[in-house]
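Quick note: numbers below take in every heavy atom, side chains included, and nothing from hydrogens, waters or symmetry partners.
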Amino acid sequence: MTGVNEGHRQRLRNRMLKEGLDNFQDHEILEFLLFQYIPRKDTNKIAHNLLKKFGSLGNVFNANPEQLMMVDGISQVTACNIAIIKEVWRRYKRDESFKISLSKLSSIIKYAQQLMDESGVERVVVVYVDGGTNFLFKDEFSSNNPQYVDVDIKEIIATSVRLKAAGIVLFHCHPHGQCAPSQSDLAFTEKLYLALASIDNVLLDHIIFNSRSQFYSFHKERILEIIADKYKIQ
């Protein structure tokens with residue numbers, strides 16, 4: 001019986017990985033959730049009993065642990081794990097309302113300086129943003145070499161696609177030198193700009209810092225505009 005259950009559970013996992021939860025029925029969502037906590041019982045039956053008891057998926061998540069434990073098969077541990085979902089969602093929504101906005105150069109510089117403080121080696125930070133230039137995710141590349149760090153453009157593109165980002169802001173530091181870009185910085189920026197444009201993403205800025213808190217902005221210096229004009233990118 002355990003083998004049958006595990007086969008069914010793996011099929012649900014595969015469906016979730018492939019298509020998300022949009023095509024799941026309410027009892028399947030509960031079943032999927034329950035078998036994370038209940039390894040050896042028929043969670044399909046327990047899921048149906050929860051819906052029968054509370055009337056809807058939303059009511060299940062609104063129930064407190066004591067109420068959930070009134071359903072056969074729901075232990076205290078399982079009840080707490082179900083009840084916490086609403087609290088996690090509430091925390092998520094609160095954090096969403098305080099998104100870091102990177103729409104202005106001043107806010108970008110303030111955020112970047114926090115990231116770049118105390119960098120003793122060359123370091124690159126890629127920040128992915130949504131269509132409203134709100135922070136989505138940051139990725140970091142560093143090296144033991146104080147003058148060079150290898151950044152894989154293909155990796156940046158893959159991450160941007162996965163996040164459904166609208167654009168990125170690139171930061172890096174020249175810890176022991178001037179913040180003016182080198183020829184390799186200019187070539188890399190152009191290459192990244194074109195790669196992002198090919199997936200309808202935008203390189204919003206590339207900012208170089210040094211240890212004296214000076215910075216060079218490719219956007220402010222109109223380098224990105226020159227690249228766009230060069231390749232006739234709208």
Only counting residues at least two apart or in another chain, list the ones meeting side-chain hydrogen bond (donor to acceptor under 3.5 Å, both in side chains) with E155.
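None.
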
S160: which residues meet the side-chain hydrogen bond (donor to acceptor under 3.5 Å, both in side chains) condition with it, sequence neighbours left out?
N201

Say you draw a straight line from [atom1] of [X] to [atom2] of [Y]; how long is it, rounded to the nearest 0.5 Å?
X: I157; Y: L192; atom1: CD1; atom2: CG; answer: 6.5 Å
X: I74; Y: N49; atom1: CD1; atom2: CG; answer: 9.0 Å
X: T189; Y: L170; atom1: OG1; atom2: CG; answer: 6.5 Å
X: I156; Y: L196; atom1: CD1; atom2: CG; answer: 7.5 Å
X: N210; Y: H172; atom1: CG; atom2: NE2; answer: 10.5 Å
X: T159; Y: D139; atom1: OG1; atom2: CG; answer: 5.5 Å

Is it the case that the side chains of [Y] and [X] hold a donor-acceptor pair, with the cut-off being a distance below 3.5 Å and no angle test?
X: Y216; Y: Q178; value: no
X: S56; Y: N59; value: yes
X: H174; Y: D185; value: yes

Decide whether a cation-pi geometry holds between R15 and F24; the criteria are a distance under 6.0 Å from NZ or CZ to the six-membered ring centre and an angle within 45° of the ring axis.
yes

Hey, does L68 have a side-chain heavy atom less than 4.5 Å from the side chain of L50?
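Touching, per the 4.5 Å side-chain cut-off.
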
Decide yes or no for F218 and I208: does some side-chain heavy atom of the first lie under 4.5 Å from some side-chain heavy atom of the second?
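Result yes, sub-4.5 Å side-chain heavy-atom pair found.
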
Mind listing the closest non-hydrogen atom pair of [X] and [Y] along with its distance?
X: A195; Y: S198; answer: O-OG, 2.5 Å
X: I233; Y: A197; answer: CD1-CB, 4.1 Å
X: S75; Y: M69; answer: O-CG, 3.8 Å
X: I168; Y: V129; answer: N-CG2, 4.4 Å
X: D150; Y: F141; answer: O-CD2, 4.1 Å

Quick one: list whatever passes salt bridge (Lys or Arg N to Asp or Glu O under 4.0 Å) with K53, sequence neighbours left out.
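Salt bridge (Lys or Arg N to Asp or Glu O under 4.0 Å) list for K53, sorted by chain: empty.
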
Would you say [atom1] of [X] has more than 12 non-hydrogen atoms from neighbouring residues, nucleotides or ligands within 6.0 angstrom?
X: D72; atom1: CG; result: no
X: Q36; atom1: CD; result: yes
X: L21; atom1: CG; result: yes

Could you give all pairs that pass the ring pair (Phe, Tyr, Trp, His ring centres under 6.0 Å) test and reach residues 43-80, with sequence neighbours left out?
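Qualifying pairs, neighbours excluded: H27-H48.
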
Do the two ring centres, one from F35 and one from Y37, sit under 6.0 Å apart?
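Ring-ring flag for F35/Y37: false, centres at least 6.0 Å apart.
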
May I ask you to decide if [Y]'s main-chain N or O and [X]'s side chain share a donor-acceptor pair within less than 3.5 Å?
X: E19; Y: M16; result: no
X: D205; Y: H219; result: yes
X: N134; Y: D130; result: no

Of all pairs that satisfy salt bridge (charged side-chain N to carboxylate O under 4.0 Å, His left out), the ones with a partner from residues 160-179, not counting sequence neighbours:
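Found none.
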
By the salt bridge (charged side-chain N to carboxylate O under 4.0 Å, His left out) test, which pairs, at least two apart or in different chains, include something from residues 78-88?
E87-R90

